[in-house]
Structures are given as C-alpha cells and as structure tokens.
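Values reported hereafter were calculated over all heavy atoms of this structure, with side chains retained and with hydrogens, waters and symmetry mates removed. Numbers restart at 1 for each chain; the letters A, B, ... are given by sequence-line order, proteins then strands.
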There are 2 protein chains.
Amino acid sequence: MSIETDIKQKKFRSAFQRLAINLTYTSNWLGYKQLELFKEHDITSQQYNVLRILRGQQSNPIKVSDIADRMLDKNSNTSRLIDKLLVKGFAKRTSCPSDRRAVDVVITETGLELLSRIDPILEEWENGLSASITEEEAELVSSLLDKMRESDSNNKNQ
Amino acid sequence: MSIETDIKQKKFRSAFQRLAINLTYTSNWLGYKQLELFKEHDITSQQYNVLRILRGQQSNPIKVSDIADRMLDKNSNTSRLIDKLLVKGFAKRTSCPSDRRAVDVVITETGLELLSRIDPILEEWENGLSASITEEEAELVSSLLDKMRESDSNNKNQ
DNA sequence: GATAAATACATGTTACTACATTAAATGTAC
DNA sequence: GTACATTTAATGTAGTAACATGTATTTATC
C-alpha cells in the first residue's frame, strides 16, 4: 500500500518529505516485525545488532565505542546493552591490554549458538521480501539510501 | 558512504539483509538529524508527527487510535504523547459525542503556529537532500519502500 | 616530568516504550 | 433485554534511551 494511503496524507511538500516520512514509517514497520521475531529468543533488536557485529569480528575483540559507531548509538547505551549480553552469557568483556581505558568485547560460544538459531528465521523473513520486491530493486534502494546519507557531509557547513 | 563501509561489514547473506540493515541504519541517521532540528523547539519527532497528522485533519477531530494507526504506534504511547501536547497547549482533547469511548483530538492555534515555525527548517533540511539524490530517485525509493511493505499481507498466513 | 585536554567507559536521572491490566462504552448472540 | 465479547483509551510497571556527569586512563603542551 502506498504511504499516502497508510498514513492518509494526500499531499507532501516535496518528494524528499515523502521519502523522509516513508523511511520512518517503514523503519517502524520493520522494527515491529523484528521485535516479533526476536521476542521468543529473549533478545532485542539492539542486542542482536551487537551480537551480529561481534560475530563479524570473529575472535578479534572490538571496543565499545567502535560498536556504538557502527550502530549509530550512544556509548552509554551500548555499554548497558553489553551488560545485558554479559548477564545472558552471550558476550565476554575484558580490559584492553594496549589501552586500559578501552574494553574489549567478544562473542561467546553461547552467543554464536543463539545467532545460529535466529539466523534461519531472519533469513526466511528476509527472503519473504522477494514476494514483493526483486533482488535488483533491493540493491537499488540500498544504494540510494547510501547516496542519501551523503548529504551529511554536504550539510556540515551550513 | 556505502553501508558496508559505515558498519564495516563486508558480506551480507542477501540483498534483502543488506536492505533491512541499511534501512534501520538510515532511519537512525534520519532520527538523530530530526532530533537535532526539533530539540530547540522543545518537541520530539513523535510529538511533531502527531501534530502533523492533526494539522492534516484541518478542524476535523481525530481519534487517538487513528493517530496511532498512522504512526504505527501503540495506543498507550499515543495517549501519553497527546498528554504532552496538551500540557504544552498544542492540542485539545474532547470526548467524542458519537462514541463516548473515543477521544477527539484537534490541534490548537498555538500548535499550528509551532508547525509554521518548524516547517521552513524541516523543508530546508529536506531540500538539502537534493545535493545527494535527485527528486526522481527520492520518488523511486519511496515507491520501492511502499512495495516492500506489501510483503506484510503475503506473510500473514505463514 | 607536570599539567591540561581528550578519550573511553560507566552511571544517575529523567523521559519514553512495550506490555499487561483496568475501566468504560459499545456491539453481538441468544 | 441480559450476558459476553470487543473496542477505546488510560495507567501501572519494567525495561530502555538520551543526556549530563563522573572516573580512570591516555595524549599533547609547556
């Protein structure tokens, strides 16, 4: 259904406004979908996000601030997210030897197991998208979103 | 910058996974931008969202649940969002005469004034996007997001 | 080498969200 | 018309987020 119908707004002041609103709406939609998927595994989207980043590191530890960067999150929240993962046994936290301010985080075996249980479910859902958009279209949207975020650097001196 | 570089993940299991992750990332990016814009007007993105919907109604009142629908939000949160707008004098709440369970919400003059102050700022930011993507591309992304959300109905019986 | 500034993380506080529950009004079956 | 389910909104509670601040460590400047 078009965003016009979904939010019952007929006119937008520009294609860019429509895009901004649609982006937020679609992200909410996606967020609720994911919430539903993750709920039964006693984990949140944010926590999954951290675990995915940790897995990407293989056994290489990663700092809290680097995780926060990749999530566009505040350090303080990431700190507490990792607390939760620690309590559940999905991550380990050790002091970084080269910089004692920093904290090295790695995923545990239990964490990897959790991901391997969640992955097929997520994958199935993602592939369900192919019923509505093609792979080429998905790639197209993704690359246009990349382009859109580039306005960041353009706007900095305004 | 590409999402691969932003989140430093080189491989995705599919174009659809990349899209899902990129969508969340870009929406967070947009969210922080808006937060910044709204902050000095003592209002949140969510509250602005409600006001925008109320303005779209002109003087026609709208029910709390209808607002929630258009925001993909929970009724309970919308209820409290409106509380905030009420306190600030941006919205009015009256009992619906035809259905006394419902609550009619309308925007006030003060609310309209606030929007008219915020609009040009938002508009300027939105138009700043044109430095990175064209109007045609914005429309394209928007329509593809619409298409993407259609998998909702497809997935319902799975 | 001492001092100032910056960095990395943690935490207290306040506000917001999800979820479950409550309360009132309406709809439906009999 | 009464009994039961549904709808609509509000609220209590627990968890999460944003923001400011605190503490420890490192880097830069003199």
Subject >> Range on DNA chain D touched by chain B - first to last nucleotide, heavy-atom distance under 4.0 Å >> reply: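 For DNA chain D, the relevant span reads dT7(D) to dC19(D).
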
Subject >> Any residue of residues 45-58 of chain A with a heavy atom less than 4.0 Å from an atom of DNA chain D >> reply: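 By residue number: Gln46(A), Gln47(A).
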
Original post:
Which of residues 71-86 of chain A have a heavy atom under 4.0 Å from DNA chain D?
Top reply: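 Heavy-atom cutoff 4.0 Å gives Asp73(A), Lys74(A), Ser76(A), Asn77(A), Arg80(A), Lys84(A).
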
**OP:** Treat each ILVMFWY residue as a node, draw an edge where side-chain heavy atoms are under 4.5 Å apart, and state whether Met1(B) and Leu145(A) are in one component.
**Re:** no

Original post:
Do the side-chain N and O atoms of Ser76(A) and Ser79(A) include a donor-acceptor pair separated by under 3.5 angstrom?
Top reply: no

Original post:
Do Ser27(B) and Thr24(B) have side-chain N/O donor and acceptor atoms under 3.5 Å apart?
Top reply: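 Thr24(B) and Ser27(B) do not have a side-chain donor-acceptor pair below 3.5 Å.
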
Original post:
Mapping Leu35(A) and Arg93(A) onto DNA chain C by nearest heavy atom, which one lands closer to the 5' end?
Top reply: Arg93(A)

Original post:
Mapping Arg101(B) and Asp66(A) onto DNA chain C by nearest heavy atom, which one lands closer to the 5' end?
Top reply: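 Final value for this comparison: Asp66(A).
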
Subject >> Residue that, paired with Leu115(A), satisfies side chain to side chain contact (heavy atoms under 4.5 Å, CB included) out of Thr110(A), Leu54(A), Leu51(A) >> reply: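 Per the side chain to side chain contact (heavy atoms under 4.5 Å, CB included) rule, the option paired with Leu115(A) is Leu51(A), out of Thr110(A), Leu54(A), Leu51(A).
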
Original post:
Roughly how bent is the helix from dG1(C)-dC30(D) to dC30(C)-dG1(D) end to end, in steps of 10 degrees, with each end axis from five pairs?
Top reply: 20°

Original post:
In whole angstrom, what separates Arg100(B)'s CZ from dA23(C)'s P?
Top reply: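 About 18 Å, once rounded to whole Å.
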
Subject >> Separation of dA18(C) C1' from Asp42(A) CG (nearest whole Å) >> reply: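 For the pair Asp42(A) CG and dA18(C) C1', the rounded distance is 14 Å.
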
In the structure I gave you, are the side-chain heavy atoms of [X] and [Y] within less than 4.5 Å of one another anywhere?
| X | Y | result |
| --- | --- | --- |
| Met148(B) | Leu129(A) | yes |
| Leu86(A) | Lys92(A) | no |
| Leu30(A) | Trp125(A) | yes |
| His41(B) | Leu114(B) | yes |

Subject >> Distance (rounded to the nearest 0.5 Å) between Arg80(A) CZ and Asp73(A) CG >> reply: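 If we round to the nearest 0.5 Å, Arg80(A):CZ and Asp73(A):CG are 11.0 Å apart.
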
Anything under 3.5 Å between a donor and an acceptor, one on a side chain of residues 10-23 of chain B, the other on a protein residue two or more places apart or in another chain? List them.
residue: Arg13(B); atom: NE; partner: Glu126(A); partner atom: OE1; Å: 3.0
residue: Arg13(B); atom: NH1; partner: Asp119(A); partner atom: OD1; Å: 3.3
residue: Arg13(B); atom: NH2; partner: Glu126(A); partner atom: OE2; Å: 3.1
residue: Ser14(B); atom: OG; partner: Phe16(B); partner atom: N; Å: 3.2
residue: Ser14(B); atom: OG; partner: Gln17(B); partner atom: N; Å: 3.1
residue: Gln17(B); atom: OE1; partner: Arg13(B); partner atom: N; Å: 2.8
residue: Arg18(B); atom: NH1; partner: Glu4(B); partner atom: OE2; Å: 2.0
residue: Asn22(B); atom: OD1; partner: Arg149(A); partner atom: NH1; Å: 2.7
residue: Asn22(B); atom: OD1; partner: Thr26(B); partner atom: OG1; Å: 3.0
residue: Asn22(B); atom: ND2; partner: Ser142(A); partner atom: O; Å: 3.0
residue: Asn22(B); atom: ND2; partner: Ser142(A); partner atom: OG; Å: 2.9
residue: Asn22(B); atom: ND2; partner: Asp146(A); partner atom: OD1; Å: 3.0

For residues 42-49 of chain A, which side-chain N or O atoms pair as donor and acceptor with protein atoms under 3.5 Å away, sequence neighbours left out?
residue: Thr44(A); atom: OG1; partner: Gln47(A); partner atom: N; Å: 3.2
residue: Gln47(A); atom: OE1; partner: Lys88(A); partner atom: NZ; Å: 2.8
residue: Asn49(A); atom: OD1; partner: Arg52(A); partner atom: NH2; Å: 2.5

Original post:
Salt bridge or not for Arg93(A) and Asp83(A), using N-O below 4.0 Å?
Top reply: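 Judged by the 4.0 Å cut-off on N to carboxylate O distance, Arg93(A) and Asp83(A) do form a salt bridge.
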
Original post:
Counting only N and O atoms by type, is there a donor-acceptor contact under 3.5 Å from the side chain of Thr108(B) to the main-chain atoms of Gly89(B)?
Top reply: yes

